[in-house]
Student: 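Have a look at this one before I ask anything.
Reminder, nothing fancy here: chain letters follow the sequence lines and each chain counts from 1.
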Amino acid sequence: MNDIMNAAFFVALLSAALRLSVPILFAALGGMFSERSGVVNIGLEGIMLTGAFAGVVGSYFTGSQWLGALVAMLSGVALAALFALITVKIQINQIVSGIAINLLAVGLTSFFFRALFGITTTPITVNAFAPVSLPGLSTLPFVGEILFSQTALVYIAFLLVPVSWFILYKTSWGLNIRTVGEHPTAADTVGIPVNRVRTLCVLASGALAGLGGAFLSLGQFNMFVDNMISGRGFIAVAAVIFGRWNPKGILIASLIFGVADALQIRLQTAGVEIPYQFLLMFPYLLTVVALTGIVGKTVAPKALGKAYAK
Amino acid sequence: MNPILKMTNISKYFGTFAANEGVDFDVMPGEIHALLGENGAGKSTLMNVLYGLYRPDGGEIWFDGQTRHFTSSRDAILSGIGMIHQHFMLVPVHNVLENIIMGMGKEKGFLIKEDQLEKEVLEIAARYGMEINPRAMVAELSVGEQQRVEIVKALFRGTKLLIMDEPTAVLTPQETEELFKTLRRMSDEGMSIILITHKLGEVMAVSNRVTVLRDGKVTNTVMTKDSSEYELTRFMIGRELSPACRDGRCCADKLVLELERVTCEGELGNHTLEDVSLSVCSGEILGIAGVDGNGQKELAEIIVGLRGVKSGRIFLSGEEIAGKSILEIIGKGVGYIPEDRHKRGLVLDFTIGENLILKDYSKKPFTKGGLFDFGQIYSHADEMIKKYSIKTSAAGRDSEARKLSGGNQQKIVVAREVDKGPKLLIAVQPTRGVDIGATEFIHKQILKAKENGTAVLLISTELSEINQLSDRIAVIYKGQIMGELAHEAFDESLIGLMMAGLTYEQAVKAPRGAGEAPVEGNRFADGHRTNQSNTLTPDQVSGDLPENPKEQVSP
Amino acid sequence: GCAPKAEPAAPADPAPGGEAPAEEAPKIVLILPGPINDQGWNATAYEGLKLVESDLGVTMEYVESVQQADFESTFRDYGEKGYDLVFAHGTQFFDAAKAVGPQYPETFYMVINSEEGVEPNVGGIGIREWEGGYVAGTLAAMNTTSKQMGAIGSFPFPVIEGTLDAFEAAAIAVDPAIKVTKTYVNSWDDIQKGKETALAMIEAGSDLVFCSANQVGLGSIDAAKTKGVKAVGYISPQNEVAPGTVISSVTYNTPGLFKFAVQDFLDGKLTATGKSLGWADDVLDVQWTDEITDEMKAVVEQTIQDLKDGKVENPYVPGD
Amino acid sequence: MSALDKRIKDVFLKPGARRFNAFSLLVPIASVILALALGSVLLLFIGINPLEAYWYLIFSNFSSTYNTAEVLVKATPIALTGLAFTFAFRTGLFNIGGEGQMFAGAMAAVFVGLKTGHLPPAVTIGLCLLAAVAAGGIWGLIPGVLKGVFGSSEIIVTIMFNYVAVYLLSFLVDKPLREAAGFYPQTDMIGENAFLPFLIQNTRLHIGLIVAIVLSVLVYVILWKTPLGYRLRAVGYNPDGAEYAGINIRRNMILAMVISGALAGVAGFTEINGIHHRLMDNFSRNVGFDGIAAALLGGATPAGVFLSSILLGMLQTGASAMQRGVGVPANIVSIIQALIIILVLAGNMLRPKLEMRLKRNERNERNERDGRKETTSATSATSATSATSALREGSTHE
Ligand SMILES: Nc1ncnc2c1ncn2[C@@H]1O[C@H](COP(=O)(O)OP(=O)(O)OP(=O)(O)O)[C@@H](O)[C@H]1O
Ligand SMILES: Nc1ncnc2c1ncn2[C@@H]1O[C@H](COP(=O)(O)OP(=O)(O)OP(=O)(O)O)[C@@H](O)[C@H]1O
Ligand SMILES: [Mg+2]
Ligand SMILES: [Mg+2]
């Protein structure tokens, strides 16, 4: 085992961790906006699935992976709009709505995939994102390979972290979002349109989760397969909490979960005998630990999960 | 002069219930206009309509030169109306600046320019003589400071008319006076203010005009100077008040409650109570006066077992009860009207019937063989509703406590705690936010309990309430008892000085003007290191005080 | 185009219960544990259905995504409706077939891949998957330069373990110096995990990957393409997925399995035993690409012949 | 206003009370019809006659004893996880962990069933039930303790614990409890003595249904008829208020989660001992979530939960029948299920608004008709009563 614990191993591990964390990061940043405004979005999984599917469809029909990614975002927004309608406007319980959205997404993607492409034994492949090496940076030892020879979507994901932070803490939108999530009544009394802010945040979460799905189908692959998200949307929900509802924390959480996943894969290929199930539990247990506040106080937005009716 | 606001024929229904009906109401520029009425009269509703939070079912609003149709508070804010709600609308985890500027993206720009905004905020605060720290977290501010943030928040939006819903209910007398100073200054600058309050004294002191609401309709609008507390009371409740008053006779009998050098620690390890010793006899009311936040809550909570003591002993009828469970202490006949009825005294989602058995739910006759006996529960509820005149909605005993007005909610608590004839009754702020009719009623219940032999510990920040009911008065300051006096020796300014940290001995020697000390007390409530002298000049009173005055005086 | 084949319409031994006229078309249904468009296991069954239709002129119905809890009730439903032949696509159906079968003696329950049957009307038919793995291993062994290869399986089930073991045994038979890393991804569809697993193997020195786990295989091929190494396609033809990377595919002719079974049914030859088919029965195939030289082809063809002749022992030992 | 009139009005206006009127049935039925109508668009799209499909969806459930029994077979675990959710919900806690707690119960039941399956049926079944209750309880206890001690959101912790249970189950059937033959990731069959007796011959309907019915009644009684339920609800609604009344917050919060978890654990027991008789990797997936849907559809009352589990059971068996009958692809079934959940809940939410609108129209009409006389007289009546009560107040306490 010692022979694998070398620098190359770590470069490979971290680079894998980075790839594995990107879809989580996209969706979790989206989830953060939604939760910061007070809406729990368990539907991230389904929205990601829709994004993965729509991305492939978009790229298939336009021939452009960029338009594919755009279609993925739009489809995420569309599903999120339904979610916002039932949770923010009609005010059905958010958790149950999320579960229903996931169910819906599984059905709809599968239905439309069949309607569009028929039943195939070989995948429909489309144009996808290729790695872009950043000139100069990608040749740096270690970090060059890990950080600077990725697809455009990876750079976008990491760029979104400071952008989200800036929006949340330095702009009036961000202040509105935080106010709505903490104290919707107070927001209402100063004229912040609570439910409109929430709807927009949910839509943003749809766009980002959709992009996260597209990262899988177009950034990592060039095809869609049924259920290709495989629970990453739920991990994203966990990452929002573990990251304590702020972009920096979510970045760290996504990376930790990515490392855990990459490590699990590598330990197995290296023949280390730890039941894989325990490694798979890791992100969830970690989130529970985060919630105990033993490693620092976690304070959820006060109005999280509560619909606002005047 | 033309009014700045005219509301005509306003109606607002909840379902079929008319919270406001045909209300006419106007306010002049620069006027402080008081809005009076019993709990549930429709004051908050009317103001919510004005502020765009509710849409009226009928009527017109004319404000600042034109007819308005506010569809949201944003509309109201933009046209120059500000509102400070009874429960502050502040986000505890935001800092003061964020709380002030929130929702102002359109006016102040997309990017938050903190430094510039901070300067603007400080300027406004200074103009009206208020001190605030824009970078402080709201969660860490006192109630008075939070209210200042609310006021600045309104001023920052260019308010021409400021609505204040029961702003003094949670303030100390000192903070109240500060607030009134600010209000007068604002009115001098031409701003109009609508003030909702249950305290007639305040109305008389600060307002120019008064409108009285009753059952959703206006009964009268009068100039304050042409009216009297007596008349306003009649307008409000349709009858005269017969203020509850102790009959001067103290029937003190056996010793019931005794605290022996009790010290109690707060979350931060500081002493919230220090070396407190006091005693209450059956048939006696001991009033504890003091500025809010000086250990009153802790004092009540250690007695009923909600909080542990660090040292010292507590006896109930001679039996040590410190360290015993809440349940045991309740079982020994201790009734407790808590400071915050929403937080402690009631389960708002329970029905009236369920709330009335909150402390006896598992006892006979309500429980038989492990199951509830609903016949008993219902008849008990009906009896209490009748006996304590609890005004319920149509659902009667089955209506949720949440749906009652504050005064009626408090009556549930009082009924539950008093009706059993407890050995000891602890009443903390029993009439906070409660209208004068209900206040009178609650006071009478407390006196009746005393006459029936209950020992009463009355903790209140309202000196008038303390004076009205107590046989003896003790003053608490920073967790210490500054001294005790008999009712006969009641002297508002003396007590005011003690509330500010002087011992009885120091206070009697201090020169003072009637009614002034409590007002000024706020300034030295923080306490400063001082020179050691027994006679204090006025200067010293307002500026320097012994940090721990008690030690200065040899017993 | 089923018109020309008229002869199977009159089976030698009509469905039991005499009264049904011999001309009536047999009622056959296919029960699938997953969606038909999974591009793997279930999709191949669907192709089998179409093959039976076109080659034998027999129409089949199907139901997809049947959950474990519903196996019994589904079997029962078709028994009640008097179906003649019920295909269940996977060994997981065996217990349910065993329980329900005796109650509906007029219906034959055929469990794909089951190695056992129950008298009188529960049978099994399957592909000897290890034979496929073995040929893939031979093919792969001739295309590695690093002498290190990765083999990925879905779950450590006997069938999958057997396939990977056979892959390894065949490779070692070609060159004893070869090392094979075997890993299970515990998924049929987590394509990203397939990719990352293959990447991990490649980074640890493998220069050829092989995967038996439905869609997951697409992920491993993608990894090989990214890293510029080779892959052997498996189960379905995957040469086109990544030309130049996939050097050839060993494919299952699962459709052939259905044709085989339906033909047996029409001929009245169905037996309540487990039957497994291999290269000799035409249910396995190789799809070549130009990457493979004639010499290599010859070696592979020889291996296939050996398998057909029964000269190769199944290397899998259960439970190790 | 006549006395009867007033009574009707009282009932109608009773705030918060769940009124039973035309809307209570009409709205859910309309919602289901709307969901089916939306689904039929998809069906038409792929050339399937919706009417025929829905005929299967609904009537196949009654075409044979077996099919009807199947509905109840499906409804049983859903009702139990639904009760679990309801119990916690009524005490102010949101237990999304029914799924995991059911798995925990199943793991324990199968373990005990394997070890004690040779004992007399009453003994081994009893032990299995006990084990499942304990395991489900423990799976609820942990989030309960975390909530009680650290204030961690039980919603999130229970969701996380669902995954932990899934992987634990996967590990158990993969390694320690794998069947003797070593083939598939599943356990051996439990001993036949541990099988639950069947209620109807030749169906899979087992006495688990009776267990579910008994527990429904028990949950109702505990929550609304006993001091224990009172305590639990008090803590759920207002912990500070409960503490003030001498109720131990932590203990009751934890207790609520334990009972809730135990109820879900029973669902694991009935599935193992009644249906599967062994544990396998993708064991009864989603039953926990169906339970949440059932609880919310049923207004979080035990009787409502039971009825909605039967509805969901019908939907599930009917959906497979629909697939078998007219070849409706499985993906449309999940779409229709999602639509039904969304629309029925939306209907419930919109119901008060509909009623309110109706009432308002009524009042406006009346006002127009009577020229506002009625409302005026009504209010003067109120002020009269308040005046009399004031008088009473004065006389009683003077
Ligand atoms: N959202 C609501 N739904 C139904 N009834 C309401 C609602 N808000 C207020 N009410 C009822 O309307 C009446 C008037 O309430 P309002 O809050 O205006 O009284 P108030 O005069 O402010 O009382 P207080 O002195 O206690 O603050 C009360 O009987 C109250 O129960
Ligand atoms: N949905 C509702 N239905 C009926 N009454 C309501 C409803 N919501 C609020 N109320 C009542 O409206 C009134 C206004 O509430 P508000 O916040 O002013 O409290 P309050 O009555 O003044 O009590 P307190 O002084 O103790 O805070 C209260 O009497 C409250 O009980
Ligand atoms: Mg009010
Ligand atoms: Mg009030």
Student: Would you name the heavy atoms of D:Ser334 and A:Gly107 that are closest together and state the gap between them?
Tutor: OG-CA, 3.5 Å
Student: Is A:Thr287 in contact with chain D via its backbone, its side chain, both, or neither, using a 4.5 Å heavy-atom distance?
Tutor: side chain
Student: Do A:Asn93 and D:Leu345 come within less than 4.5 Å of each other through their side chains, counting heavy atoms only?
Tutor: no
Student: What I'd like to find out is whether the side chain of A:Phe111 reaches to under 4.5 Å of the side chain of D:Phe45, using heavy atoms alone.
Tutor: yes
Student: Which one of D:Pro143, D:Gly151, D:Ala293, D:Ser152 has the most heavy-atom pairs closer than 4.5 Å to chain A?
Tutor: D:Ser152
Student: What's the separation between atom OH in D:Tyr163 and atom CG in A:Leu285, rounded to the nearest 0.5 Å?
Tutor: 13.5 Å
Student: If you look at every heavy atom in A:Ile99 and D:Phe289, which pair is closest and at what distance?
Tutor: CD1-CD2, 3.3 Å
Student: Quick check: closest heavy atoms across A:Val288 and D:Met160, and the distance to 0.1 Å?
Tutor: CG2-CB, 3.6 Å
Student: Can you tell which part of D:Ile159 gets under 4.5 Å to a heavy atom of chain A, answering side chain, backbone, both or neither?
Tutor: side chain
Student: Where is the tightest heavy-atom contact between A:Ala100 and D:Ala338, given as atom of each residue plus distance?
Tutor: O-CB, 3.5 Å
Student: Apply side-chain contact (heavy atoms from CB on, under 4.5 Å) to D:Phe150 and A:Leu291, showing your working.
Tutor: CA-CA 8 Å; D:Phe150 301 108; A:Leu291 280 169; over 6 Å; no
Student: Please check if the distance between the ring centroids of D:Tyr167 and A:Phe278 is under 6.0 Å.
Tutor: no
Student: Answer with side chain, backbone, both or neither: which region of D:Leu42 has an atom nearer than 4.5 Å to a non-hydrogen atom of chain A?
Tutor: both
Student: Flag the one option from D:Ile340, D:Leu339, D:Leu296 with the top tally of heavy-atom pairs under 4.5 Å to chain A.
Tutor: D:Leu296
Student: Considering only heavy atoms and a distance below 4.5 Å, find which of D:Asp174, D:Ile292, D:Leu350, D:Asn286 pairs most often with chain A.
Tutor: D:Asp174
Student: Measure the CG-CZ distance between D:Asn162 and A:Phe234 for me, rounded to the nearest 0.5 Å.
Tutor: 9.5 Å
Student: Is it the case that the side chain of A:Gln277 and the backbone of D:Ser170 share a donor-acceptor pair, with hydrogens and angles ignored and the cut-off at 3.5 Å?
Tutor: yes
Student: Counting only heavy atoms closer than 4.5 Å, note whether A:Ala115 contacts chain D via side chain, backbone, both or neither.
Tutor: side chain
Student: Count the heavy-atom pairs under 4.5 Å between each of D:Met349, D:Gln337, D:Lys147 and chain A, then report the option with the highest count.
Tutor: D:Met349
Student: If we only count heavy atoms from C-beta on, is the D:Ile335 to A:Leu108 side-chain gap below 4.5 Å?
Tutor: yes
Student: Take atom CZ in D:Phe111; do more than 12 heavy atoms of anything else shown fall under 6.0 Å from it?
Tutor: no
Student: Can you tell me which portion of A:Ile42 sits under 4.5 Å from chain D's heavy atoms? Options are side chain, backbone, both or neither.
Tutor: side chain
Student: Considering only heavy atoms, which portion of D:Ile341 lies under 4.5 Å from any heavy atom of chain A: side chain, backbone, both, or neither?
Tutor: side chain
Student: Heavy-atom count around D:Lys175 NZ within 6.0 Å, excluding the residue itself: above 12?
Tutor: yes
Student: Heavy-atom pairs under 4.5 Å with chain D - which of A:Val237, A:Ile95, A:Val40, A:Ile86 has more of them than the others?
Tutor: A:Ile95
Student: With a 4.5 angstrom heavy-atom cut-off, is it the side chain or the backbone of D:Ile342 that approaches chain A, or both, or neither?
Tutor: both
Student: Please rank A:Leu103, A:Asn102, A:Leu85, A:Val96 by heavy-atom pairs under 4.5 Å with chain D and give me the top one.
Tutor: A:Leu103
